[in-house]
Amino acid sequence: MTELLVDGRRIALDQDGYLCELTDWAPAVAMALAQAEGLSLTPAHWAVLDALREFYAEFQLSPATRPLVKYIALKLGPETGNSACLNQLFKGTPAKLAAKLAGLPKPTNCI
Amino acid sequence: MSTLHILTHSPFADSRLASCLRLLSADDGLLLCGDAVYALQNGTRTCEALELMPSSIGLYALQEDVQARALQVPERVQCIDYPQFVALTLQHAKVNSWL
Amino acid sequence: MAQSLLLISRQAPWSGPGAREALDIALAGGAFDLPLALLFLDDGVFQLRKDQQAVLLQQKDLAANLQALPLFGVEELYACQRSLVERGLVADQLGLPVSVLDDDALRALLGRFDQVMTI
């Protein structure tokens with residue numbers, strides 16, 4: 001298990017770098033996680049992360065790629081909700097990386 | 001598209017057999033293994049229901065499970081060994097195991 | 001063309017791993033674009049009851065997960081009418097949009113798929 005230090009708070013991460021406690025999440029945590037991935041978050045990223053947190057609140061699970069694309073298209077429109085755009089925003093692995101930055105568990109059923 | 005339904009649980013403990021009997025189509029097969037062979041116990045309602053099934057539905061029981069439990073099976077039932085079990089799965093378009 | 005699969009889920013939500021396993025297969029199959037349908041049979045129809053409180057049993061919210069099925073591409077959802085009636089469940093107690101089928105329709109449904117799996 002590793003830790004992330006955010007604003008003096010120690011945040012526990014699992015072996016894959018996902019939050020151990022989903023309640024630890026805060027925007028500052030997302031920024032720190034993104035930084036560790038070499039990513040700086042733009043409004044387009046934030047829109048996806050917000051939508052993803054809504055997805056989790058509603059369905060209590062992390063989406064695989066296809067349902068993620070579908071859901072984002074539904075919530076943010078087809079300009080963002082397509083695999084090309086989401087791949088580009090999240091380094092080619094949107095289901096895994098966006099879930100990580102949004103503080104969700106690692107998606108299962110995902111290659 | 002005929003289906004071979006495979007049951008392994010006692011019909012006296014749950015509803016698998018009852019539900020399976022309702023879902024059987026005319027050209028399906030029913031194979032009883034493990035505790036499911038207790039459905040063939042003489043004088044029981046389940047045995048009666050199985051004997052009354054249309055003759056187009058194949059009714060099979062795994063020989064060793066029947067013998068191990070000292071059951072005497074009605075003529076309607078065809079007792080089979082494992083090679084016949086395999087052959088039976090190939091004779092049907094699909095297999096539905098009631099896990 | 002991938003083989004079509006009918007998954008029959010016939011266990012109550014918290015009686016063991018059965019309900020969760022059936023759902024996981026459905027979600028995985030859907031995520032991989034497998035043509036599949038889910039049928040709730042016997043005690044499986046209890047999974048459909050809305051307003052359940054999984055958290056009281058320290059369980060994951062199965063009912064919430066079930067809502068995600070259409071997004072995972074699993075849009076064919078069925079329930080056995082007889083199982084619902086036997087258990088006193090009526091339409092407005094169900095939290096998922098299922099097509100309710102009688103025994104004849106269920107037999108036709110089973111015949112329509114390449115593979116059937118009952119959990």
Side-chain angles (χ1 to χ4, degrees), chain B residues 1-39 45-46 49-50 52-62 65 85-99, chain C residues 1-12 15-26 34-47 78-89 100-119:
Chain B
M1 290 250 294
S2 71
T3 304
L4 176 66
H5 294 267
I6 301 179
L7 292 170
T8 51
H9 292 72
S10 166
F12 303 105
D14 75 12
S15 57
R16 284 175 180 84
L17 178 68
S19 293
C20 178
L21 289 178
R22 288 202 306 273
L23 297 187
L24 280 175
S25 292
D27 55 351
D28 282 353
L30 175 57
L31 170 59
L32 305 172
C33 309
D35 281 347
V37 298
Y38 284 127
R45 265 191 210 181
T46 57
L50 289 170
L52 288 174
M53 283 196 314
S55 57
S56 64
I57 296 175
L59 177 59
Y60 311 91
L62 204 56
D65 285 327
F85 183 164
V86 175
L88 203 56
T89 62
L90 297 174
Q91 284 162 24
H92 292 79
K94 59 192 174 231
V95 173
N96 182 18
S97 295
W98 291 67
L99 299 177
Chain C
M1 182 68 185
Q3 294 232 316
S4 60
L5 172 67
L6 175 66
L7 256 174
I8 303 179
S9 184
R10 52 174 301 285
Q11 291 183 29
S15 68
R20 163 66 48 192
E21 283 170 355
L23 174 62
D24 282 344
I25 293 169
L34 197 71
L36 72 81
L38 188 55
L39 163 66
F40 297 91
L41 180 72
D42 294 341
D43 276 355
V45 296
F46 282 129
Q47 297 172 37
Y78 303 98
C80 169
Q81 184 175 48
R82 183 193 291 256
S83 304
L84 289 168
V85 171
E86 279 174 349
R87 288 160 183 77
L89 285 171
V100 177
L101 304 180
D102 63 18
D103 288 353
D104 284 338
L106 288 177
R107 278 189 286 274
L109 184 72
L110 256 77
R112 192 154 66 74
F113 287 82
D114 295 321
Q115 303 292 341
V116 181
M117 190 185 279
T118 303
I119 294 179

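Proteins come first, then strands; the chains are lettered A, B, ... in the order of their sequence lines, and each starts at number 1. This is a predicted model, so every value here is computed, not measured.
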Exercise. Does I8(C) reach the side chain of N96(B), with side-chain heavy atoms less than 4.5 Å apart?
Worked result: yes

Exercise. Does the R107(C) side chain pair with the main chain of R22(B), one donor and one acceptor, at a distance under 3.5 Å?
Worked result: yes

Problem set entry | L6(C) portion near chain B, given a 4.5 angstrom heavy-atom threshold | neither

Problem set entry | Which portion of D114(C) sits near chain B, non-hydrogen atoms under 4.5 angstrom | both

For this session: Return yes if a side-chain donor-acceptor contact under 3.5 Å exists between S19(B) and R82(C), otherwise no.
Result: no

Exercise. What is the distance from atom CG of L23(B) to atom CG of D104(C), rounded to the nearest 0.5 Å?
Worked result: 10.5 Å

Problem set entry | Chi angles and distances behind the side chain to side chain contact (heavy atoms under 4.5 Å, CB included) call for D28(B), L110(C) | CA-CA 11 Å; D28(B) 282 353; L110(C) 256 77; 5.6 Å; no

For this session: Please say whether more than 12 non-hydrogen atoms of neighbouring residues, nucleotides or ligands are located less than 6.0 Å from CZ in R45(B).
Result: no

Problem set entry | When S83(C), A108(C), G111(C) are compared by non-hydrogen pairs under 4.5 Å with chain B, the top option | G111(C)

Problem set entry | Region of S15(B) that comes under 4.5 Å of a non-hydrogen atom in chain C | both

Seminar exercise, completed: One option among D42(C), L106(C), L41(C) has the most heavy-atom pairs under 4.5 Å with chain B, and it is D42(C)

